[in-house]
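First up is the structure itself, then whatever we jot down about it.
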There are 2 protein chains.
Amino acid sequence: MNKNREKPIAKKERPYVSIQSLYRMPYYLHYLKEAKKKGIEVIPATTIAADLKLNEVQVRKDLSAICTTKGKPKTGFIVDELIKNMEDFLGYNNAKDAVLVGAGSLGRALLSYSGFESYGLNIVVAFDNDKEKIGTKINGKEVLSVAEIENVCRRLNIHIGIITVPAQHAQEVCNKLIASGILAIWNFAPVHLSTPEGILVRNENMAASLAILSHHLQEKLCNSKKDLSNNRKDRKDRKDT
Amino acid sequence: MNKNREKPIAKKERPYVSIQSLYRMPYYLHYLKEAKKKGIEVIPATTIAADLKLNEVQVRKDLSAICTTKGKPKTGFIVDELIKNMEDFLGYNNAKDAVLVGAGSLGRALLSYSGFESYGLNIVVAFDNDKEKIGTKINGKEVLSVAEIENVCRRLNIHIGIITVPAQHAQEVCNKLIASGILAIWNFAPVHLSTPEGILVRNENMAASLAILSHHLQEKLCNSKKDLSNNRKDRKDRKDT
DNA sequence: TAGATTGTTAATCGATTAACAATC
DNA sequence: TAGATTGTTAATCGATTAACAATC
């Protein structure tokens, strides 16, 4: 590899990966694991693209962003390598501890959900300010007073916070979490959170998703009614990712 | 309004609203309802933008897309009007019935979650193929055999399906739902679903959201380690929506 | 009136997709 | 070798943002 002489130390800079690309990663990962199960050892990006209904250039770009070894023309990528690289990239290999604030209906639901572990997320403890709830356990996880947030987060060195409180308390809780050393927030409250730079907020807004479904349905039903009485004009519908 | 003479019948065509814009609607709606509670009757788009940390042109565009009456320069929009228009647009006013398939951990969680009603979603019944579960009730909702899907959906005229089965069964369930007249699918399984045109699939991929959080945290913690030993180069972090 | 706010047209930005040379 | 597949550069597309005239 004489060509590389000019920049000998320049270790491959990790390229910027957009949120959209990041969002696609778990789909690749799942797909690859399935492929592995079937005994497939090498796979071309073109096949992945076809199966996942994605553009093939996009897949190649996504893969090349996280893959330490290059794909081989004519054959493709090594499945095991890809899985390993992707898990490293996503940080699934070092399990992440998290706290959850708001042990209401949705909070309980998430605490009871057993699916997070396989992605390396471990909800350690929950907080609430309802005296009835404090001291109880949900799915084996203690519910503590919100007054304990900073204390616990600092002591256990936790950096992920999940917010499932009602909208009107979300910002306040958010501030408290940030003051406790939380760096990434998974916000289920249907409000915008103001945060200082460097804190990532991922909004999981059920209301917003529902709005998208609901709106589509409304259009759909309304149009079909029109179609019945009127002439039908074909309209391409767009699916989102 | 003589200017309008040229196209007299052309009723205001409902403009195309992007998924992103649609996603912002519930944030506006919540904000507006809060404003109303405080007794605010008229509000300028600029204020909304500032509070929600959005670009003001974006807000004006979003509002003008759904609002039947124009905003008034110098004063703004009528809060009540906006709320009404938005609820109509999102279809919150005519409650939507839905079925849920997969009464596992996540499915139970959603069935028990009481927050959907306020957005007009009503999960009527659940399906599973586990004999242990069939016949039981979760939060007052019956669990039926998956064999009943078509039967029930047709009879109750239901058009929204929620998929909370394990990834490997998601496509199969999806096909079944579509065959039963479902038009909009809320997919919680971490896989891509292939659907015919005209069916909307909204993916709520917890794994993918988690990946985004997880990756950010990894970068963050890794960088801060570097910063300690190394010189610190400021890096602007980007928040997602 | 002056100035805040509106709606719209044009510029910018970022992500996706197309085109294509390089490689096994 | 021929052809499938790769990685990359350029073109396209859509959404966001800036600029600005119109309005109350």
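Below, all heavy atoms of this structure are taken into account, side chains as well, without hydrogens, waters or symmetry copies.
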Length of the line joining [X]:[atom1] and [N]:[atom2], which is rounded to integer Å:
{"X": "N55(A)", "N": "dG7(D)", "atom1": "CG", "atom2": "P", "answer": "14 Å"}
{"X": "K61(B)", "N": "dA11(C)", "atom1": "NZ", "atom2": "C1'", "answer": "12 Å"}
{"X": "Q58(B)", "N": "dT8(C)", "atom1": "CD", "atom2": "P", "answer": "16 Å"}
{"X": "I78(A)", "N": "dT6(D)", "atom1": "CD1", "atom2": "C1'", "answer": "14 Å"}
{"X": "Q20(A)", "N": "dT17(C)", "atom1": "CD", "atom2": "P", "answer": "11 Å"}
{"X": "E56(B)", "N": "dA18(D)", "atom1": "CD", "atom2": "P", "answer": "9 Å"}
{"X": "L63(B)", "N": "dT6(C)", "atom1": "CG", "atom2": "C1'", "answer": "11 Å"}
{"X": "I19(A)", "N": "dT16(C)", "atom1": "CD1", "atom2": "P", "answer": "12 Å"}

Would you say [X] and [Y] make side-chain contact, with heavy atoms under 4.5 Å?
{"X": "R202(B)", "Y": "I19(B)", "result": "yes"}
{"X": "I48(A)", "Y": "L63(A)", "result": "yes"}
{"X": "T69(A)", "Y": "F77(A)", "result": "no"}

> From the list dT16(D), dA18(D), dT8(D), which nucleotide is the closest neighbour of the side chain of V57(A)?
Replying inline: dT8(D)
>> Using every non-hydrogen atom in the two residues, find where L177(B) and V99(B) come nearest and quote the distance to one decimal.
In response: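 L177(B) and V99(B) have their closest heavy atoms at CD2-CG2, 4.1 Å.
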>> Please check this pair: side chain of N55(B) against backbone of V57(B), looking for a donor-acceptor N/O pair closer than 3.5 Å.
In response: yes
Short N/O separations, protein against nucleotides 3-5 of chain D, under 3.5 angstrom:
residue: dT5(D); atom: O4'; partner: K74(A); partner atom: N; Å: 3.2

> Is it true that atom CD of E41(A) has more than 12 heavy atoms of other residues, nucleotides or ligands lying nearer than 6.0 Å?
Replying inline: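 Result for CD/E41(A): open.
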> Taking the six-membered ring for Trp, are Y113(A) and F116(A) parallel (under 30°), tilted (30 to 60°) or perpendicular (over 60°)?
Replying inline: perpendicular
>> Could you tell me the Watson-Crick or G-U partner of dA10(C), where both distances fall under 3.5 Å? Say none if there is no partner.
In response: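 dT17(D) - that is the nucleotide pairing with dA10(C), both distances being under 3.5 Å.
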> Under a 3.5 Å cut-off for both distances, is dA22(C) Watson-Crick or wobble paired, and to whom?
Replying inline: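 With both distances under 3.5 Å, dA22(C) matches dT5(D).
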